[in-house]
Amino acid sequence: MQIFGPSSVQNTRAIAESIKTNAAQPTTNPISIDTVDQLDISRDAQYLMQIHGAPDIRAERVADIRSQLETGRYESGDKLNVAVDRLLDELA
């Protein structure tokens, strides 16, 4: 096809003539793909799931501390020093 100017087109043909199509050939061996869904959970996620499953309050520890408070054995200088050190570490 040649185009000369805005309104002059030489040697035109219908679009259908210039496009040749090949009919799709049916396949005799369809490809079968077996798909399997898979979920991988990281170690960190597994650890977090264990933490969330743990009870919020350790009843045996609470009972032990109550017993120590009642008998006057819980408070000591060492425990106070540890508590202060932990508090300062957290604030820093």
Side-chain angles (χ1 to χ4, degrees):
M1 170 172 31
Q2 298 176 352
I3 300 175
F4 300 102
S7 63
S8 176
V9 178
Q10 302 282 326
N11 194 18
T12 59
R13 293 185 289 174
I15 293 175
E17 292 176 19
S18 62
I19 299 175
K20 293 182 181 179
T21 59
N22 292 330
Q25 300 296 323
T27 59
T28 56
N29 280 339
I31 298 173
S32 174
I33 299 175
D34 294 330
T35 59
V36 177
D37 291 337
Q38 180 177 347
L39 174 66
D40 295 327
I41 300 176
S42 69
R43 288 184 187 154
D44 293 337
Q46 291 173 358
Y47 180 69
L48 288 173
M49 289 176 4
Q50 289 175 350
I51 289 174
H52 288 299
D56 292 335
I57 299 173
R58 297 183 296 174
E60 60 277 347
R61 181 74 176 134
V62 171
D64 182 41
I65 292 173
R66 280 188 181 153
S67 171
Q68 290 179 29
L69 285 170
E70 290 172 357
T71 61
R73 297 179 293 132
Y74 183 74
E75 295 178 21
S76 70
D78 291 336
K79 289 182 183 178
L80 182 60
N81 287 337
V82 169
V84 169
D85 288 341
R86 288 180 183 171
L87 176 64
L88 291 175
D89 286 342
E90 194 169 319
L91 293 175

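Basis for what follows: all heavy atoms, side chains included, without hydrogens, waters or symmetry-related copies. The model shown is predicted, which means the values in this text are computed figures rather than measured ones.
Annotation: Ile51, atom CD1; neighbour count of heavy atoms from other residues, nucleotides and ligands within 6.0 Å is above 12. Gln46 CD: more than 12 foreign heavy atoms inside a 6.0 Å radius. Other residues, nucleotides and ligands place more than 12 heavy atoms under 6.0 Å from the CZ atom of Arg73.
By the 4.5 Å heavy-atom criterion applied to side chains, Val62 and Arg58 are not counted as neighbours.
Between atom CG of residue Leu39 and atom CD1 of residue Ile41 there is a gap of 4.5 Å, rounded to the nearest 0.5 Å.
Paired with Val84 under the rule side-chain contact (heavy atoms from CB on, under 4.5 Å), one option of Leu88, Asn81, Leu87 passes, and it is Leu88.
Taking each heavy atom of Lys79 and Gln68 in turn, the nearest pair found is NZ-OE1, 3.0 Å.
Put simply, the side chain of Asp64 never gets that close to the backbone of Glu60: no donor and acceptor are under 3.5 Å apart.
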